[in-house]
Amino acid sequence: MTAKLPTLSSQYEAKTTETKWQTFWEANEVFKADPKQAGDYFSIVTPPPNVTGSLHMGHAFNTALIDTIVRYQRMLGKNVLCLPGTDHASIAVQTIVEKQLKAEGKTRADLGREKFLERTWEWKKESGGTITGQLRRLGLSADWSRERFTLDPKLSESVLEAFVQLHSEGLIYRGNYLVNWCPASQSAVSDLEVDNREIDGNLWHFRYPITGTKDFIEVATTRPETMLGDTAVAVNPTDDRYKALVGKTVTLPLQNREIPIIADEYVDASFGTGCVKITPAHDTNDFEMGKRHDLPFINVMNKDGSMNENAGEFEGLDRFDARKAVVVALEAAGNLVKIEPYKTTLPYSERGGVPIEPLLSTQWFVNTAPLAQKALADLDERNSPEYVPDRWKKVYRDWLVNLKDWCISRQLWWGHQIPAWYAVEETGGVITDSTPFVVAKNSKEAAKLAEAKFGKVVKLEQDPDVLDTWFSSGLWPFSTLGWGTEEQSDYDRYYPTSTLVTGFDIIFFWVARMTMMGRHFTEAMPFDQVYIHGLVRDENGAKMSKSKNNGVDPLVLIDEYSTDALRYTLIREVAGAGQDISLQLNRKLYNQRVKDRAAGKEPPAPTPGSKDNSLSESVEASRNFTNKLWNASRFVLMNLEGQTPEQLGTPDTAKLELCDRWILSRYHQVTKALRENLDQYSLGEAAKQLYEFIWGDFCDLYIELVKYRLQGEEGESKLVAQQTLALVLEGTLKLLHPFMPHITEEIWHTVVQKEATGQVSLALESYPESNPALIDADLESQFELLIGTIRTIRNLRTEAGIKPGEKIEALLQSENDRERTTLESGQIYIQNLARVKKLSITNPSASKPLDPPATKPATTPSPDLTAGTLKDRKAWADRTWLEKLDLRDLADDLLDYLANYQKLAITLWGITLTILAFNVLKAAFNGVHRVAIVSDLLEDIGFFYTIFFVKDNLLKSTDRQRTFGNLKKLKGDLFGEAAPAVEAVAETVAAPIVTPSPTTPSPTHPEPDDLRSVGDHRQTFAGVVGTVQVLIPLDGLVDITALKAKLEKDLTRAQNEAQSVRGRLSNQKFVAQAPEEVVQGAKNALAEAEKQAELIQARLSML
RNA sequence: AGUCCUGUAGCUCAACGGUAGAGCGCUUCUCUUACAAAGAAGAUGUUGUAGGUUCGAUUCCUAUCAGGAUUACCA
């Protein structure tokens, strides 16, 4: 043990602490995976963020979820690999760099491919560093030694391997098809890079003259300029209106081209005129039809979106100018019928920000059907991968079924260059659609292959295009582990990976590609489970997006509130089925913070109490939670007197006091629930449970309940409290660690007093296990009554306007033995937490009270039985022996005293003397039939107390509970009260087995006299909890109106409850058909409600 | 248009078919020696609407309204 006591500073410094642990974890390689380590493994490859700039809130959310899962699995003792990395994001990154060049007045062509790539790598270095730095600040417990980038040599090798293999299997081909063409970036783009927007457009109606007649056929289009490439007009074969025309031709206006009228099922006769113009080179549906009917494909557009030579007089016009020009020309020619406004959704290029053009071009494609079939079989036959939540499985499945071939070539430079080499001499020195080629991993192999193929050495040129980024992303789960390279130890150990954590928005584009590729290349699903989460929505519930400019930088919130607070907020929000989560934010303040950050200013220190000053209320609440944990830990540390949980040891079960047993029961209950929730990815639920346990149970109740023991004398009771506090705190830190890794690590090291090393870290501790033997549901519900009683007394205090600091008297009356036993065993708790100096617990119907239990206002204040300060006890001891006697109360108080100061009473001497005292009392009692009404009776206790005090620490191990019980029995004998049997009491205290009420009230109702007995002497405030009547006698004036109002409110509530339950019970079918326990529960509830109403009614009638 | 998800307190969300809870916010009181970034007490609901099944529906079914996601877009 160190010389100075371990403490926590009064203020938690989140920023320095978090940086400290992030640095520590990484420097000590705490999270480095070791394939050689035995045991089950748990591996996650993180979804690689694009190296385009910085992380947004969605990344923070994803990372928080991943890390919580990963840390939990690590604490379960698994061999964990969490592999981080980034994605090269061809088109996004190239767009950024080209923009930079443009600002300098240059183009990529000016630089040339090599120089351009150099420059892009430079950019990647900076941006990639920003990204991984942010992941580190989020506390991601990744193995940074295994960080990967999709363009790493080894990953690129995997890409080559995959491409060559797929090509050799005939699953990759080169062909002329329609692709999503982005004229702005002049590249094909994937469906994912397309953003469908609904826009207000027009529907233009044209008429095409039927060749050889004066008739016309009317067609409509949203893109008039495409008519220049029309090669047919189609009608439905069953459409009687046009049947006769099929086989004839129309003359295409402006182009004067004869095009056929064809019949095709695709045409919907009921829409518009039932005639469709067919442009196979510019529309996907038309493309299919063109193939079916063997139509010519006339491309009228250039790659930059301008019209080409096939557009005739419109050549050179931009597509939108051409649109206008075509309409004008058609109108002039009398072919325009009408223009009607029309809502349509247009695909926009996410990158270029312009409408996508379906364009016919020669590209590389993956034949996905055979790949998808394997993945589909795994899903249908083995439910692999398993989706959490399950409903996303359907979305995934639909995609696999409806899949189209995948265009994988991009007309870009940044990325994996397609490993195809063209024998350009065959086609005049340039690559054309028909240039022969070979596919190989490198130019050397390509040369060899080409030589074999052509029988001579030929000049080869590599395809200038690069692969779709998703191609390499599809390999990510195994390419990162060394698949297809020399070093496969990680692959052998950690593949297939355990869980993929990602957003639902990329199930198709990424998840499905990984499963197809993984299944094909590794014969295994790349992950066992897929955990799908939602998006982070902004303060108005809107999706965050660049175009709306409503994104939120997680670092701004981290600077303001800490990483732990942000992580916890995000996770706590997680509802069930992959729902979106929302983030509360003061946008105005946020914008200010962003500005400040840019200017290098720190966020201002929080000013408590001021409203409208919260950047994010929800994150602030989490920050307050960290603060709560910090302060509670401070308190515990202050009271452990320098001892670690290990040094203190586990508390002896037999010596646990009621609240110790309760908090341990709660702790094990929560541990159990937490493990279950974490196992099934109910992270939000888990986070909330911990919050409630830490704040509600541990801080607000347990700590308050044990304070008097900690502040009291050294001894067993104090030791057990310390042991329990230490045990629960350390366990709780472990439970919370996956959610809030930094603060828990900091507190833990202080608590256990262990220097942090690569082997000693909370992150490497075992996750707590639940001990079912310590879970006691009965005990917990008994506690409910105690807490309810405390709350009722506090409520009465408030209603009566009693000052918070003032100590009061209270009387608890219940006819229910179990209730009374519970109240008695928790008496000290009620006294401490409800600030009651004198508490009586009686059975109003058992025997006529000899005298009113509460007496007239004491002229000299009663010594405080509860506070337990030395001062009080001194004052108490100073009393003189035998001023006046109320023997019954004396006995009560003697027992109170023992209950409160059990640790003092443990000496044999003390007990002996107490028993002696009882015998003295007995003797006295026998001689006195009527006992004086005196409230100040405790002088005599002072006498005993002095003796106890002297002998205080002589003996340690006595079954004080049993003795206490015996004393109670003795008291019962003396006064004829229905004191619980000795055994019952002993067990109540040491191991409560008392079943909580379903209260079965006794048939005898309290006499009004009973109730009045208190009120006769003083004004009394009253409330009811369970069937316990809580009475607070008051001195001075009482606000009768307030009291009445309160009682009436209670009465209404009780009557309503009774009424409702009565209604249910009077339904014969309910009684007959509902399960026994439900009916019984209703009966109990009715009895309790009726009892409550009765008690309140009686009390009310006395006013 | 199809499919899916969601409608519960002012906000964000809970509630094996058993009669609705929590956090934040709000109101009142309190700076009590872990914590005012706190503590104590309190108020707040035709569970979107209408039917149905059931002894009993926030929960299951049908219809409907509203919001969202997604796929496909009819030219």
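Note on naming: letters A, B, ... go to the chains in the order of the sequence lines (proteins, then strands), and numbering restarts at 1 for each one. As a basis for the values below, the full set of heavy atoms in this structure was taken, side chains included, without hydrogen atoms, waters or symmetry mates.
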### Message
Here's a test for you: under side chain to side chain contact (heavy atoms under 4.5 Å, CB included), which of Leu583(A), Ile558(A), Leu585(A) qualifies with Val619(A)?
### Response
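Among the candidates, only Leu583(A) passes.
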
Residue [X], side-chain atoms from C-beta onward, closest of [options]:
| X | options | answer |
| --- | --- | --- |
| Arg634(A) | A22(B), C35(B), A41(B) | C35(B) |
| Pro804(A) | G42(B), U30(B), G18(B) | U30(B) |
| Phe504(A) | C13(B), A69(B), A75(B) | A69(B) |
| Cys699(A) | U30(B), A34(B), A43(B) | A34(B) |
| Ile703(A) | A41(B), C24(B), A34(B) | A34(B) |

Just to be sure I understand the rule, does [X] reach a base, reach only the sugar-phosphate, or reach nothing, if contact means heavy atoms closer than 4.0 Å?
| X | value |
| --- | --- |
| Tyr691(A) | sugar-phosphate |
| Asp700(A) | sugar-phosphate |
| Thr221(A) | sugar-phosphate |
| Arg797(A) | nothing |
| Ser10(A) | nothing |
| Lys803(A) | nothing |
| Gln689(A) | nothing |
| Glu692(A) | sugar-phosphate |
| Tyr12(A) | nothing |
| Trp695(A) | sugar-phosphate |

Between [atom2] of [N] and [atom1] of [X], the distance in whole Å:
| X | N | atom1 | atom2 | answer |
| --- | --- | --- | --- | --- |
| Phe287(A) | A75(B) | CZ | P | 20 Å |
| Glu573(A) | A14(B) | CD | C1' | 12 Å |
| Trp392(A) | U6(B) | CH2 | P | 10 Å |
| Tyr568(A) | G23(B) | OH | P | 12 Å |
| Asn795(A) | U28(B) | CG | C1' | 13 Å |
| Gln584(A) | G10(B) | CD | P | 15 Å |
| Asp505(A) | C4(B) | CG | P | 20 Å |
| Glu685(A) | C13(B) | CD | C1' | 10 Å |

What integer number of Å spans the [atom1] atoms of [N] and [M]?
| N | M | atom1 | answer |
| --- | --- | --- | --- |
| A63(B) | U28(B) | C1' | 48 Å |
| A40(B) | C35(B) | P | 15 Å |
| A9(B) | A22(B) | C1' | 11 Å |
| A20(B) | A57(B) | P | 12 Å |
| U58(B) | U6(B) | C1' | 14 Å |
| U53(B) | C61(B) | C1' | 7 Å |
| C16(B) | G7(B) | C1' | 23 Å |
| U12(B) | G68(B) | P | 14 Å |

Using only side-chain N and O atoms of [X], determine if any of them is under 4.0 Å from OP1 or OP2 of [N].
| X | N | answer |
| --- | --- | --- |
| Arg794(A) | A41(B) | yes |
| Lys707(A) | A34(B) | yes |
| Lys394(A) | U71(B) | no |
| Thr284(A) | A72(B) | no |
| Lys1049(A) | A43(B) | yes |
| Lys628(A) | G39(B) | yes |

### Task
Please work out which of the three classes, parallel, tilted or perpendicular, describes the rings of Phe698(A) and Phe693(A), given edges at 30° and 60°.
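Parallel.
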
### Task
Using the six-membered ring wherever Trp is involved, compare the ring planes of Phe625(A) and Tyr691(A) and label them parallel, tilted or perpendicular (cut-offs 30° and 60°).
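Aromatic pair Phe625(A)/Tyr691(A) classed tilted.
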
### Task
Fill in the dot-bracket string of RNA chain B, one character per base: . for unpaired, | for a pair to another strand, ( ) or [ ] for pairs within the strand, taking Watson-Crick or G-U pairs under 3.5 Å.
(((((((..((((....[..)))).(((((.......))))).....(((((..]....))))))))))))....

### Task
Could you pick out which residue, Ser1060(A) or Ala269(A), lies toward the 5' side of RNA chain B when each is mapped onto its nearest nucleotide?
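Its nearest nucleotide lies further toward 5', so the answer is Ser1060(A).
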
### Task
Tell me which of Asp283(A) and Phe508(A) sits closer to the 5' end of RNA chain B, going by the nucleotide each one is nearest to.
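It is Phe508(A), whose closest nucleotide lies nearer the 5' terminus.
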
### Query
Could you run down nucleotides 52-61 of chain B 5' to 3' and tag each one B, S or - for protein heavy-atom contact under 4.0 Å?
---B------

### Side chain Glu704(A) and base A34(B) donor-acceptor under 3.5 Å
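Under the 3.5 Å cut-off, the side chain and the base do form a donor-acceptor pair.
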
### Message
Taking NZ in Lys15(A) as the centre, count heavy atoms belonging to other residues, nucleotides or ligands within less than 6.0 Å. Is the count above 12?
### Response
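For Lys15(A), atom NZ is crowded (more than 12 foreign heavy atoms under 6.0 Å).
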
### Query
Of Tyr396(A), Phe504(A), Tyr681(A), Trp392(A), which is the lone residue that meets ring pair (Phe, Tyr, Trp, His ring centres under 6.0 Å) with Tyr387(A)?
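The residue from Tyr396(A), Phe504(A), Tyr681(A), Trp392(A) that satisfies ring pair (Phe, Tyr, Trp, His ring centres under 6.0 Å) with Tyr387(A) turns out to be Tyr396(A).
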
Kindly say whether [Y] contributes a backbone atom to a donor-acceptor pair with the side chain of [X] at under 3.5 angstrom?
| X | Y | value |
| --- | --- | --- |
| Ser1060(A) | Asn1056(A) | no |
| Asp264(A) | Val267(A) | no |
| Asn236(A) | Asp268(A) | no |
| Asp230(A) | Ala232(A) | no |

### Task
I would like to know whether Glu685(A) and Arg572(A) meet salt bridge (charged side-chain N to carboxylate O under 4.0 Å, His left out); could you show each step before the answer?
CA-CA 7 Å; Glu685(A) 192 51 38; Arg572(A) 199 185 135 102; over 6 Å; no

### Task
Enumerate the residue pairs fulfilling salt bridge (charged side-chain N to carboxylate O under 4.0 Å, His left out) with a member in residues 1062-1079 of chain A, sequence neighbours excluded, ordered by first and then second residue.
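Found Arg1062(A)-Glu1090(A).
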
### Gap separating the CZ atom of Arg623(A) from the OG atom of Ser562(A), nearest 0.5 angstrom
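Reported to 0.5 Å precision, the distance equals 8.5 Å.
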
### Task
Starting at OG1 of Thr231(A), measure out to CD1 of Ile262(A) and round the result to the nearest 0.5 Å.
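Between atom OG1 of Thr231(A) and atom CD1 of Ile262(A) there are 7.5 Å.
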
